[in-house]
Amino acid sequence: MVSTQAHFLATGKIPPLLSKLGKAARVLAPVRTATTVTLFQEWQAGAELALSRQASMPPKGVVFPQTEQLLSYAYTKDANDLTRTTVALDHQLDIKPTILFGARACDVQGLAVFDQVFTHGEWQDDAVTARKDALTIVTLLCHESESTCFCTSVGGSPTATAGSDLALTPVDGGYLAEAITDKGKTLVKDEAFTPAKDKQVKEAQRVRDAIKKQDVLPLKQIEQKIIKLFSTEFWDQVSASCVSCGACTYVCPACYCFTITDEPAGMQGERIRTWDSCMFYQYTLEASGHNPRPTKADRYRNRIGHKFSYHPTNYKGAFGCSGCGRCIKSCPVSLDIRQVLREAAKHG
Ligand code: SF4
Ligand code: SF4
């Protein structure tokens, strides 16, 4: 139900609001770039806001940058005994308060996967945790589902507000704004927001109720079905057209595979973390030359198994997929994860 305590944010007030917020925080918003793709970028006055459709890339970089320095190091030799070396490590976090404006509910569900893996449990990543703590999320609820969306099959909804601080629903002339958390309540105190009229609250409810239902995927017991699905023939067949480009993992709001490399320069250097992809042959290639997942079928089985079997096993039934559909849109050979899941569901 739409809150009757909601506010209204006129479309024309958004650019100046973002510029104003940008004076005290880093503001990321979906922006149409020169290459016509829509990316979450640091807001600059005059940029072209793109709020009508899902962004081309998810905003996961806000907590998990594509490349980041984990630490720097420097070796010092003892001038009197060159067999003795001292290593100095430097690890500094430069975390700024950040406002993520215009994320979709599936993007926010993707960020919840990062929470499960990096900010809770036995191993906590201080950089991801600090970025998440410094984050305020303004979610733009969807007024329609795209043909590739399946969020409702994986526990989400185009209008889910879980994980958001402020939720916006498109209405005539702007957005109905509902504060979900104290951070959201602070945001709506800005003069850009005005108390919503009764007819705007009703319109927002109509917009939400009118969203066309998505196809429901048969995911009952998929966790057990996939873990038992050892048929090489099945995985060979579904992954036959895959060209191992890794696009599906890079555009995924819930994929978090990474690699760590040292970049030395003389007696000093940096340790860097970058996104990686389980769809790459090199991802599991061991120094010995052995590769436990040498074929496309092995890698594709792992990708699907991770998202729909191992992740739910480890995280109380939560899927490692938010149903955003970006992997379907971005795959150069049109491999459709929904079709693979439908086929897998017929087994077991
Ligand atoms: S696996 Fe595909 S549909 Fe699921 S969250 Fe990732 S990109 Fe979106
Ligand atoms: S985007 Fe398609 S072709 Fe590329 S790795 Fe993923 S499934 Fe394979």
Side-chain angles (χ1 to χ4, degrees), residues 37-40 53-61 63-64 66 103-117 142 145-158 160 162-163 214-217 219 222-223 226 234-257 275-284 293-312 315 318-345:
V37 292
T38 301
L39 302 175
F40 283 89
R53 287 172 73 89
Q54 180 192 63
S56 314
M57 287 288 287
K60 65 179 172 181
V63 295
F64 196 71
Q66 190 158 356
R104 300 288 174 155
C106 53
D107 294 329
V108 181
Q109 196 175 334
L111 291 175
V113 171
F114 282 83
D115 268 348
Q116 289 150 7
V117 176
C142 296
S145 292
E146 297 185 24
S147 61
T148 43
C149 295
F150 60 99
C151 59
T152 53
S153 289
V154 289
S157 152
Q214 300 168 5
D215 286 348
V216 178
L217 295 181
L219 297 185
I222 196 74
E223 186 180 335
I226 285 181
F234 175 86
W235 295 107
D236 271 342
Q237 193 208 332
V238 296
S239 66
S241 59
C242 171
V243 293
S244 301
C245 68
C248 50
T249 53
Y250 280 77
V251 300
C252 177
C255 273
Y256 53 84
C257 287
W275 294 358
D276 202 346
S277 171
C278 62
M279 299 298 276
F280 294 155
Y281 175 83
Q282 291 86 349
Y283 182 71
T284 44
R293 295 203 282 270
T295 68
K296 288 188 298 183
D298 294 325
R299 297 192 287 277
Y300 197 70
R301 176 175 183 260
N302 172 69
R303 174 166 161 77
I304 301 297
H306 186 184
K307 289 185 175 296
F308 291 92
S309 188
Y310 327 139
H311 195 88
Y315 297 102
F319 291 124
C321 164
S322 65
C324 74
R326 284 191 183 93
C327 58
I328 306 167
K329 289 182 193 169
S330 304
C331 177
V333 296
S334 303
L335 217 162
D336 189 333
I337 192 170
R338 295 170 300 181
Q339 193 51 30
V340 175
L341 290 166
R342 283 193 192 98
E343 292 298 321

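These numbers come from a predicted model, not from an experiment. Counting starts at 1 for both ligands and their atoms, in listed order.
- Near K307, with a cut-off below 4.0 Å to any heavy atom, the atoms of ligand 1 are 1 (S).
- Residue contacts with ligand 2 include G246, since one of its heavy atoms falls under 4.0 Å from the ligand.
- Counting only distance, with no hydrogens or angles, the side chain of Q214 and the backbone of S153 share no donor-acceptor pair below 3.5 Å.
- Checked against the 6.0 Å centroid criterion, the rings of F308 and F319 qualify as a close aromatic pair.
- Scanning the protein for heavy atoms near atom 5 (S) of ligand 1, the closest one is S322 N, 3.2 Å.
- Remark: ligand 1 atoms within the under-4.0 Å shell around heavy atoms of R303 are 1 (S).
- We find that D107 and R326 are joined by a salt bridge, their nearest charged nitrogen and carboxylate oxygen being less than 4.0 Å apart.
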**OP:** Run the numbers on C252 and K307 for side-chain contact (heavy atoms from CB on, under 4.5 Å), then give the verdict.
**Re:** CA-CA 11 Å; C252 177; K307 289 185 175 296; 3.4 Å; yes
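- The protein heavy atom nearest to atom 8 (Fe) of ligand 2 is C242 SG, 2.3 Å.
- Atom 2 (Fe) of ligand 1 has as its closest protein heavy atom C327 SG, 2.3 Å.
- Of the protein's non-hydrogen atoms, the one nearest atom 3 (S) of ligand 2 is V243 N, 3.3 Å.
- No more than 12 heavy atoms of other residues, nucleotides or ligands lie within 6.0 Å of CZ in R53, so this atom counts as exposed by the packing criterion.
- The distance from ligand 1 to the heavy atoms of F150 drops below 4.0 Å at these ligand atoms: 3 (S).
- The protein non-hydrogen atom at the shortest distance from atom 4 (Fe) of ligand 2 is C245 SG, 2.3 Å.
- At a heavy-atom cutoff of 4.0 Å, ligand 2 is contacted by the backbone of S244 but not by its side chain.
- At least one N, O or S atom of C324 sits under 2.8 Å from atom 8 (Fe) of ligand 1.
- Between C255 and R303, the closest heavy-atom pair is SG-NH1, 3.2 Å.
- Using a 4.0 angstrom heavy-atom cutoff, P253 counts as in contact with ligand 1.
- Cation-pi check for K60 over W275 is met; the charged atom lies under 6.0 angstrom from the ring centroid and within 45 degrees of its normal.
- Nearest heavy-atom pair, N302 versus Y310, reported as atom, atom and distance to 0.1 Å: OD1-CE1, 3.8 Å.
- E223 and S309 are not linked by any side-chain donor-acceptor pair at a separation below 3.5 angstrom, with hydrogens and angles left out of the test.
- Heavy-atom contacts of G325 reach the following atoms of ligand 1: 3 (S), 8 (Fe) (cutoff under 4.0 Å).
- At the shortest separation from atom 6 (Fe) of ligand 1 among protein heavy atoms lies C252 SG, 2.4 Å.
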